[in-house]
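Let me begin by presenting the structure, written as structure tokens, before commenting on it.
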Amino acid sequence: MSSDRTLCLYNTLSHDVEPVEPIEPGHLRFYSCGPTVYTYAHIGNFRSFLTADLIARTAAAIGWDTTFVSNITDVGHLTQDDLVDPSGEDKMTAALEREGTRFANIYDLARFYTAAFLDDWRALNLRMPDVQPRATEHVTPQIKAVEQLVEKGHAYETDQGVYFAVESFPDYGKLSGNRSAEDLEAGVREELIDDPDKRDPRDFALWKKDPDHLMQWHSPWGWGFPGWHIECSVMSAEYLGDHIDLHAGGEDLIFPHHECEIAQAESLSDDGEPFARTWVHTRFLQVEGEKMSKSKGNFFTVRDLIEPEAEGGRGVDPLALRYTLLSGQYRKPFNFTKKTLKDSARMIRRYQDAAALVEDALERGAAGDDHAPQGDDPQGALGDRLRDIYARTLDAMCDDLNTPQALAVAHEGVKLLHGMGGDLTAASAQSAQRWLEQTNALLGIVWNEHDGEAAPTDDAADDPLAEKVEALLDERAQARADGNYDRADAIRDELDAMGIEVMDSSDGTTWRKKIDV
RNA sequence: GGUGACGUGGCCGAGGGGUUAGGCAGAGGCCUGCAAAGCCUCCUACGGCGGUUCGAAUCCGCCCGUCACCUCCA
């Protein structure tokens, strides 16, 4: 499925939307900064991870090979607090204490939240990266990288650790615009106590000496743990090479994290070529118009939303959450609201209904019970129309991942299929099925590609509620047959109160759970 | 103080010098025992002030407002 399309993305480095041109034509190698696994990931985290997923899907859709690496940070890096109190904790250690005796050690905690993270990843129908390297499994190459930086004169050791010497890298600031040491210093909070032996306030830790840390490794500088920025540079180089096509992450990572990654990586490769050609950053989302924060009560982890209500969640269809996150372009401010989530759930249902129509038509065709096209083949053009719709959907994605536009175009196809309804011929249904598959491969909103791998689905047939509903519907059907519409409507009201909506059609009565977010 | 982004109808959100985004909500219609679902129709906005232009929501300038980062929050 090759095409002449080019994926265009906004490059933070150039401040412009530009075509992505892989170093190896037709093969996109990219890295996306993953989570620190000290708690459940929230919806904002996943807005960023979703961007990487969409890059992978869009690149694949235009016929490129992709090598997609996304790390899992399972080393506790410093919090601000422990700069104040050097014997203090990093955020993983803090999490361990916060959780009491739930985890026997910090590795158990990391394992638990890594597994939870991967569950959420699959639930949201994000494609699995080709490699998900864990920081703790790549400490040796990190130490080697730090050694090389010291040898090359880009780093120096103090009593507290090893620091990158920003002065040795003239391009420092090219990503964020933060170039001046004075300006940066002016903004640094007073309470931050820094290593007094640092040569420049911009210098950042490559290695932290700390023989008391819960996670520590042996290094030429004694026991300690690696700096935050070095893990991404090293793991990216290990799996993708010294120079990559694209590096993605949340907007907060522009500075300092990605600025520092560039400084390290380009100092190590030292050949004048950029570490990453394109830098893509996803904006923070807001919730109901406000910054998402636990104190405001508008903080949502993925599982807060998607877990069944019986398990304390809100029972939101994970694909509806995905659809919501797609409804705003990654680069624009996005206001996450319950209203949008509800609208999205409705849209997902329309896709699923369309898929069901297609499936029915395919079954009819297999049974030799196909409808003949009426008149002069009114459906003959369906395949062409859907091909056009898909082409425009892909165009939208290639235009800086314009997901709202892509969703709007794809929705034309859904309307088309709903409009045909039961008149869909088997031949048309095959075109429609292809379109659904393509659209799902690109946007991931029709069905979850990971279904079957894990994730229990809440199949209505297994629901004890279903039996009760069916019994009531049987009674209602009898009442309707008897012309007792008062009784029939009373039963419908009862079901409505149970969160069930009833749909009568010429083929009988169906029911489903109402969307309630 | 420095750096970067953004301001579109009742709401969410595209587009981007002259011509419909789309969805939700709302109104009307078809269908239905009545509904629901589905289908059809309607609902014309771009923060403010200047400037460029035959013409600006779109380009430029200024202002106002919102968001983010400035040593480890996606």
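Each chain gets a letter, A, B and so on, in the order the sequences are listed, and its residues count up from 1.
Between the side chain of A:D343 and the backbone N or O of A:T340 there is no donor-acceptor pair closer than 3.5 Å. Panel note: side chain A:T158, backbone A:Q160; a donor-acceptor pair is recorded below 3.5 Å.
The gap from the C1' atom of B:A56 to that of B:A74 amounts to 37 Å, rounded to the nearest Å. Across the C1' atoms, B:G9 and B:U44 are found 8 Å apart, a figure rounded to whole Å. When the C1' atom is used for both B:G13 and B:A25, the distance is 14 Å, rounded to whole Å. Annotation: B:C46 and B:C62 have their P atoms spaced 23 Å apart (nearest Å). For the C1' atom pair drawn from B:A45 and B:U8, the interatomic distance equals 6 Å after rounding to whole Å. Rounded to a whole angstrom, the distance from the C1' atom of B:C12 to that of B:G4 is 25 Å. Comparing B:A35 with B:C42, their C1' atoms sit 23 Å apart, to the nearest whole Å.
For A:F284, the side-chain atoms get nearest to B:A68 when compared with the rest of B:A14, B:G33, B:A68. Closest approach to the A:L253 side chain among B:G33, B:G23, B:A74 is made by B:A74 (side chain taken as heavy atoms from C-beta onward). Taking only side-chain atoms of A:K415, from C-beta outward, the nucleotide of B:C39, B:A21, B:A36 with the closest atom is B:C39. Looking at the side chain of A:R512, the nearest of the listed nucleotides B:C73, B:C24, B:A37 is B:A37. Side chain of A:A408, nearest nucleotide from B:G22, B:C34, B:C39: B:G22. Checked against B:A37, B:G33, B:G13, the side chain of A:P404 finds its nearest nucleotide in B:G13. Closest to the A:L285 side chain, of the nucleotides B:A74, B:C67, B:A21, is B:A74. Residue A:N45 places its side chain closer to B:A74 than to any other of B:A74, B:G4, B:G15. Comparing atom distances between the A:K339 side chain and each of B:C24, B:C72, B:C34 picks out B:C24 as nearest.
With rounding to the nearest 0.5 Å, the separation of CD1 in A:I43 from CG in A:L124 is 10.5 Å.
Ring geometry for A:H229 versus A:H257: interplanar angle of 30 to 60°, hence tilted.
Scanning atom types as modelled, no donor and acceptor separated by under 3.5 angstrom connect the side chain of A:R283 and the base of B:C6. A donor N or O paired with an acceptor N or O is found under 3.5 Å between the base of B:A35 and the side-chain atoms of A:R492. Side chain A:N402 to base B:G15: no donor-acceptor pair is found below 3.5 Å. The base of B:C34 sits with one of its N or O atoms less than 3.5 Å from a complementary donor or acceptor on the side chain of A:D504.
Side-chain nitrogen and oxygen atoms of A:K198 include none within less than 4.0 Å of the OP1 or OP2 phosphate oxygen of B:U71. For the pair A:Y10 and B:A5, the criterion of a side-chain N or O lying under 4.0 Å from OP1 or OP2 is met. Regarding contacts with the backbone of B:C24, a side-chain N or O of A:R346 is found under 4.0 angstrom from either OP1 or OP2. Proximity of A:N178 to the phosphate of B:G4: no side-chain N or O atom is located under 4.0 Å from OP1 or OP2. Residue A:K291 places at least one side-chain N or O under 4.0 Å from the OP1 or OP2 atom of B:A68. OP1 and OP2 of B:C73 both lie 4.0 Å or more from every side-chain N or O belonging to A:H257.
Seen from the ring of A:Y156, A:R199 counts as a face-on cation partner, given the 6.0 Å and 45° thresholds.
When the P atom of B:A5 is taken as reference, atom CG of A:D16 falls 11 Å away, rounded to whole Å. Across the protein-nucleic acid pair, A:E494 atom CD and B:A36 atom P stand 20 Å apart, rounded to whole Å.
Heavy-atom nearest nucleotides on RNA chain B were determined for A:N335 and for A:V414, and the one closer to the 5' end corresponds to A:N335.
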| Paired and unpaired positions of RNA chain B as dot-bracket, Watson-Crick or G-U wobble under 3.5 Å, | denoting a partner strand | (((((((..(((.....[...))).(((((.......)))))....(((((..]....))))))))))))....
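Residue contacts shown for A:Q286 are limited to sugar-phosphate atoms, with no base heavy atom under 4.0 Å away.
The pair A:D353-A:R512 meets the salt-bridge criterion, since a charged nitrogen lies less than 4.0 angstrom from a carboxylate oxygen.
Residue-nucleotide stacking is not present for A:F49 and B:A74, judged by a side-chain ring centre under 5.5 Å from the six-membered base ring centre and planes under 30° apart.
Under the 6.0 Å cut-off for aromatic ring centres, A:F30 and A:F68 qualify, their centroids lying closer than that.
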Residues 409-416 of chain A, side-chain donor-acceptor partners within the protein, below 3.5 Å, at least two apart:
from	atom 1	to	atom 2	distance (Å)
A:H411	NE2	A:R350	NE	3.4
A:E412	OE1	A:R392	NH2	2.9
A:E412	OE2	A:R392	NH1	3.3

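Contacts of A:W279 classified as ring-ring contact (aromatic ring centres under 6.0 Å, His included), with partners at least two apart in sequence or in another chain: A:H247, A:H258, A:F275.
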